[in-house]
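Structure, as structure tokens:
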Amino acid sequence: MIKSINTPLTDDIVEDLNVGDRVLLNGIIYTGRDAAHKRLVEIINKGEELPVDLKGQIIYYVGPCPAKPGWIIGSAGPTTSGRMDVYTNTLLDKGLKGMIGKGQRREDVVDSMMKNKAVYFAAIGGAGALLAEAVKEAQIIAFPELGPEAIYKLKVENFPVTVAIDTKGRDLYKTGRDKYKR
Amino acid sequence: MREINVDIITNVVEKLCIDSNYYLPHDVKEALQDAVAKEESPLGKDILLDILKNQEIARSKHVPICQDTGLAVIFLELGQEVRLVGGDLNEAINEGVRRGYKNGYLRKSCVEVPFSSRKNTGDNTPAIIHTTIVKGDKVKIIMAPKGGGSENMSALAMLKPSDGVEGIKKFVRDTVDKAGSNPCPPIIVGIGIGGTIEKTTLIAKRALLRTIGEHNPNPEVSKLEKELLEEINNLGIGPQGFGGRMTALAVHVETFPAHIASMPVAVNIQCHAARHREAVI
């Protein structure tokens, strides 16, 4: 079954999501990858105000291609999430409710997700053209000097993802592999 | 001597940068279609179908298959009867990359001083250029954009000769197992065995460019490729690491004679967006 949900996320929405669910996201999501994460955490550590209130929000780990004329955004598939693990718990403590990326997360990130009731979605790595078609608006809202690593505010419609780690800490990268290992 | 103006090389490289990033090679597409039939996981099948849909969108709308349009890895085979005129060869290649990444709306993913400033070079140069001099009066250029996700999961081991084929298999299995979902499976595994530290990694990378379905002509090596493919696909990682049978589409092994004391092994992992394109001038 495919579930359709709207952002921002609430406890009720995320608690209803189970590992392996295919989900279509609708609404606003924010992009951020390595360099943007580093800056966000530096801002938090200095006690300054973030360029976006993270409460209930989703961060998509992506550094898109430049948009071709007539396109809203260039190809925009997920990058490897593990590189963000070192910054993630700080953002979850600030109210971040969802993440979109690809690949395994560290144990302490999963623990923090359970504590903060957050969910980790996987988008298909390498499906940048398909995913770009679900983006309906894109606007840079912070760190434009970072080029592809700037923070964009995206409006998405039926953006396809899979629940990779749910609020109960169940992890598709472990359960899936165990099921098919010979 | 046949004269070739390096401006021609610039133009060809520009087009190869764009086309390689927009159009997935047919052998890779066919391997993905085969994988749909073989995949046991229903979710895995869905993922493979979306991957196929993605490359179709990229092909028909002329956009990059993946946003990670890679570092520009270029294999240049220069005929020894060619005389290049009109400028510097390497600069001509880099100018082609510069134009291709700009005019093709490709992502610039190259940063300076990797351990400190990490400032984007702004035009995806410098390209990684591997030049060999070959017979004849032609110039062959292969452009193989390489993404970071799969490259990061690649590995090298200086094995001992006594480690034997079992040592090689264990290193390959462990490397793929540890990589898990990160390199965007289903992957292609390029393996170099022998030579020196740089030679083995180079032949591993070159192995990624082989057409899927073709095996090493040496029957012993070809047998190793088949055994490794089966062992890798028994790991259970599956498409995108969600669990399943199709972790790898192919395993390509290349060998080179080694020092009496050495058995270097390189594993270069390639994501399913196995992009490469060539032209002959």
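Heavy atoms only: backbone and side chains are in, while hydrogens, waters and symmetry mates are out. Here is the naming used below: chain letters follow the sequence lines, and residue numbers restart at 1 for every chain.
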Do you know which two heavy atoms are closest between B:Gln240 and A:Tyr173, and how far apart they sit?
O-CE2, 3.4 Å
So do the side chains of B:Asn182 and A:Gln104 get within less than 4.5 Å of each other, counting heavy atoms only?
yes
Contact part of B:Asp177 toward chain A, heavy-atom cut-off under 4.5 Å: side chain, backbone, both or neither?
both
Most heavy-atom pairs under 4.5 angstrom with chain A, which of B:Gly180, B:Gly148, B:Gly149, B:Cys271?
B:Gly180
With a 4.5 Å heavy-atom cut-off, do A:Ile124 and B:Ile51 have their side chains touching?
yes
Quick one: what part of A:Ala76 sits under 4.5 Å from any heavy atom of chain B, side chain, backbone, both or neither?
backbone
So, for B:Pro64 and A:Ala129, which heavy atoms are closest and what is the spacing to 0.1 Å?
O-CB, 3.7 Å
May I have the step-by-step check of side chain to side chain contact (heavy atoms under 4.5 Å, CB included) for B:Lys61 and A:Lys68, ending in yes or no?
CA-CA 11 Å; B:Lys61 299 193 171 172; A:Lys68 277 184 117 173; over 6 Å; no
Quick one: does A:Leu130's side chain get under 4.5 Å of B:Asp50's, heavy atoms only?
yes
For residues A:Arg177 and B:Thr247, determine if any side-chain heavy atom of one lies less than 4.5 Å from a side-chain heavy atom of the other.
no
Among A:Gly128, A:Pro66, A:Pro78, single out the residue with the greatest number of heavy-atom pairs under 4.5 Å to chain B.
A:Pro66
Interchain contact, A:Glu133 with chain B, by part (heavy-atom threshold 4.5 Å):
side chain
Counting neighbours of CD on A:Glu145 that are heavy atoms of other residues, nucleotides or ligands and sit closer than 6.0 Å, is the number greater than 12?
yes
For A:Arg83 and B:Asn152, which heavy atoms make the closest approach, and how far apart are they?
NH1-ND2, 4.5 Å
Go through the atoms of A:Ala67 and report whether side chain, backbone, both or neither lie under 4.5 Å from a heavy atom of chain B.
backbone
Please tell me if the side chains of A:Pro69 and B:Tyr105 come closer than 4.5 Å, counting only heavy atoms from C-beta onward.
yes
Which one of A:Ala132, A:Gly103, A:Ala164, A:Gly125 has the most heavy-atom pairs closer than 4.5 Å to chain B?
A:Gly125
Heavy-atom contact with chain B under 4.5 Å, split by part of A:Thr175
neither
Contacting region of B:Tyr101 [heavy-atom separation from chain A under 4.5 Å]:
neither
Is any side-chain heavy atom of B:Ile47 less than 4.5 Å from a side-chain heavy atom of A:Arg22?
yes
Can you tell which of A:Gly63, A:Pro148, A:Gly74, A:Pro160 has the highest number of heavy-atom pairs within less than 4.5 Å of chain B?
A:Gly63
Side-chain contact test, heavy atoms from C-beta onward, threshold under 4.5 Å: evaluate it for A:Leu172 versus B:Leu43 and give yes or no.
yes
In short, B:Thr69 meets A:Cys65 closest at the heavy-atom pair CG2-SG, 3.9 Å
